[in-house]
Amino acid sequence: MTDQIAVVPGDGIGQEVVPVAVDVLDAVGEFEFVHGEAGDATKAETGTALPEETYDLVAESDATIFGAAGETAADVVLPLREAVGSFVNVRPARAYPGVDALRPETDLVFLRENTEGVYSGHEDRLSDDLSTLTRVITTSASERLAEFACEYVDERDLDGFHVAHKANVMRETDGRFRDAVVAVADEHGVETEEVLMDAFATHVCLDPEQFKVVVCPNLAGDVLSDLAAGLVGGLGMLPSANVGPENGLFEPVHGSAPDIAGEGVANPAATLLSAAMLLSHLGYDDEGDRVRAAVEDVLADGPHTPDLGGDATTEDVGDAVLDRV
Ligand SMILES: NC(=O)c1ccc[n+]([C@@H]2O[C@H](COP(=O)([O-])OP(=O)(O)OC[C@H]3O[C@@H](n4cnc5c(N)ncnc54)[C@H](O)[C@@H]3O)[C@@H](O)[C@H]2O)c1
Ligand SMILES: CC(C)[C@H](C(=O)O)[C@@H](O)C(=O)O
């Protein structure tokens, strides 16, 4: 049966990079593409940033390729991650040959908890002076993430993973997260090394090679993956996979980039690499590898968009990748 892929470009450069990824997906496989609207423009038009039809489309499809939303991002991305039942956000940060990276030796993957932490939705304004946020950490979500991490390192013949946390301050919540993750890893005979997340930010800048897989709570994964993007050539380089038990939502780590939107110069690499992750997730391993290899070749030889020092357009890069797949 043909797999159904939901296509939700969203706002800004999402409208520019997602079509490039769809062309590449279309070139390597037989898929049924169904299109959904979401984001700032959709809200302006319909009054809601995430229409029910789009939520349902994403929930019912086999996988989704998403671009970015603007100011409404939290109202779009978080429910869509929930729509696919995602519990982990896989964010590889890799420096590719040919890209002028601050730290060319970087090759690591963040496994970000994707359902709770400060993203729990429990934020309140209690008075003119006081607002609060409830940070939720459960043993079950931490264990589920750890199970995924153990399988992830096992499949890659790695001995273990780092656990980034701040349990020295958030003793109850990050303490619970750390304890649950380490306990599961111990049960599986997988090694863990703890690192305080603030210290991690320095270590990864100075010596990224020591990190291969980093398991972290939700907000830490958000911030630290953007930091790592800075080490490997910028936000145009980081793909991500929101993985659920069956379904998945694949999106670049970057946002709608209003500063360059409409110019046709956004780097499509992050979205193309997200499409490669989508293919692997659906079981099209060869096709995923082909797309990854094609992107890698184009990054090595050019053309490059302006963020990577070139003068190519998004379409030029897309065409070069299409030529190679
Ligand atoms: N997942 C999402 O939908 C998501 C994620 C982050 C931010 N946002 C939203 O995006 C909007 C802009 O946020 P921001 O400026 O902080 O982050 P951003 O990621 O949109 O842009 C940050 C910087 O990186 C550059 N950049 C990002 N992607 C690029 C690409 N593919 N090629 C070349 N350059 C690229 C931008 O030009 C900008 O200078 C905000 O409204 C925010 O809410 C959405
Ligand atoms: C827009 C926002 C909800 C989102 C997040 O925090 O996860 C973004 O920063 C990201 O990294 O995809």
Side-chain angles (χ1 to χ4, degrees), residues 88-114 117-118 137 142 145-146 148-150 152-171 173-175 177-179 181-182 185 190-241 252-255 257 267 269-270 273-274 277 292 295-296 299-300 304-310:
V88 54
N89 191 327
V90 182
R91 296 188 154 194
R94 176 176 169 206
Y96 287 86
V99 172
D100 189 14
L102 274 178
R103 283 291 179 198
E105 63 277 37
T106 309
D107 187 4
L108 64 95
V109 177
F110 293 95
L111 300 180
R112 168 187 180 188
E113 202 290 319
N114 217 13
V118 297
I137 299 284
S142 310
L145 173 68
F148 182 91
C150 289
Y152 193 90
V153 296
D154 194 44
E155 281 167 5
R156 286 155 186 80
D157 283 330
L158 297 168
D159 294 332
F161 55 79
H162 281 85
V163 189
H165 60 76
K166 205 164 165 68
N168 56 335
V169 174
M170 294 177 278
R171 293 186 176 122
T173 50
D174 267 19
F177 175 81
R178 185 229 12 233
D179 292 349
V181 170
V182 170
V190 170
E191 290 173 17
T192 50
E193 195 170 330
E194 294 181 35
V195 57
L196 293 175
M197 63 174 78
D198 44 354
F200 171 86
T202 303
H203 294 319
V204 76
C205 292
L206 295 177
D207 180 20
E209 256 177 315
Q210 64 182 294
F211 301 108
K212 292 293 166 225
V213 176
V214 184
V215 172
C216 43
N218 207 338
L219 180 63
D222 178 41
V223 175
L224 296 174
S225 56
D226 270 37
L227 174 86
L231 303 178
V232 302
L235 278 162
M237 295 302 304
L238 244 64
S240 81
V253 165
H254 64 69
N267 182 355
L273 292 168
S274 304
M277 293 173 91
R292 250 182 298 275
V295 173
E296 210 168 323
L299 289 170
H304 287 160
T305 43
D307 56 314
L308 301 184

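- In this structure, Phe211 has its ring center closer than 6.0 angstrom to the ring center of His162.
- Evaluated for a side-chain contact (heavy atoms from CB on, under 4.5 Å) with Val153, the options Val213, Val215, Thr192 yield exactly one hit, Val213.
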Let me see the working for Ser240 and Val90 under side chain to side chain contact (heavy atoms under 4.5 Å, CB included), right down to the final yes or no. CA-CA 6 Å; Ser240 81; Val90 182; over 6 Å; no
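- Considering only heavy atoms from C-beta on, Asp154 stays 4.5 Å or farther from Val190 through its side chain.
- In this structure Glu194 satisfies the salt bridge (Lys or Arg N to Asp or Glu O under 4.0 Å) test together with Arg178, sequence neighbours excluded.
- Counting heavy atoms from C-beta outward, Val214 and Val109 have side chains that stay 4.5 Å or more apart.
- Test Arg91, Met277, His254 against Pro239 for side-chain contact (heavy atoms from CB on, under 4.5 Å) and you get one pass: Met277.
- A salt bridge links Glu296 with Arg94: the distance from a Lys NZ or Arg NE/NH1/NH2 to an Asp or Glu carboxylate oxygen falls below 4.0 Å.
- In this structure, Leu102 and Gly230 approach most closely via the heavy-atom pair CD1-O, 3.3 Å.
- Side-chain contact between His165 and Leu196: present, with at least one pair of heavy atoms (C-beta onward) separated by less than 4.5 Å.
- Residues Cys216 and Leu111 fail the side-chain proximity criterion, which asks for heavy atoms closer than 4.5 Å.
- For the pair Met237 and Asn267, the minimum side-chain heavy-atom distance is below 4.5 Å.
- For Ala93 against Thr106, the heavy-atom pair with the smallest separation is O-CG2, 3.6 Å.
- The shortest distance between side-chain heavy atoms of Tyr96 and Val295 does not fall below 4.5 Å.
- At least one donor-acceptor pair closer than 3.5 Å links the side chain of Arg103 to the backbone N or O of Cys205.
- Identified under the salt bridge (Lys or Arg N to Asp or Glu O under 4.0 Å) test for residues 158-168, with sequence neighbours left out: Lys166-Asp198.
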Side chain to side chain contact (heavy atoms under 4.5 Å, CB included) assessment of Leu235 paired with Asp226: CA-CA 7 Å; Leu235 278 162; Asp226 270 37; 3.8 Å; yes
Pair Lys212, Phe161 - check side chain to side chain contact (heavy atoms under 4.5 Å, CB included), show working. CA-CA 7 Å; Lys212 292 293 166 225; Phe161 55 79; over 6 Å; no
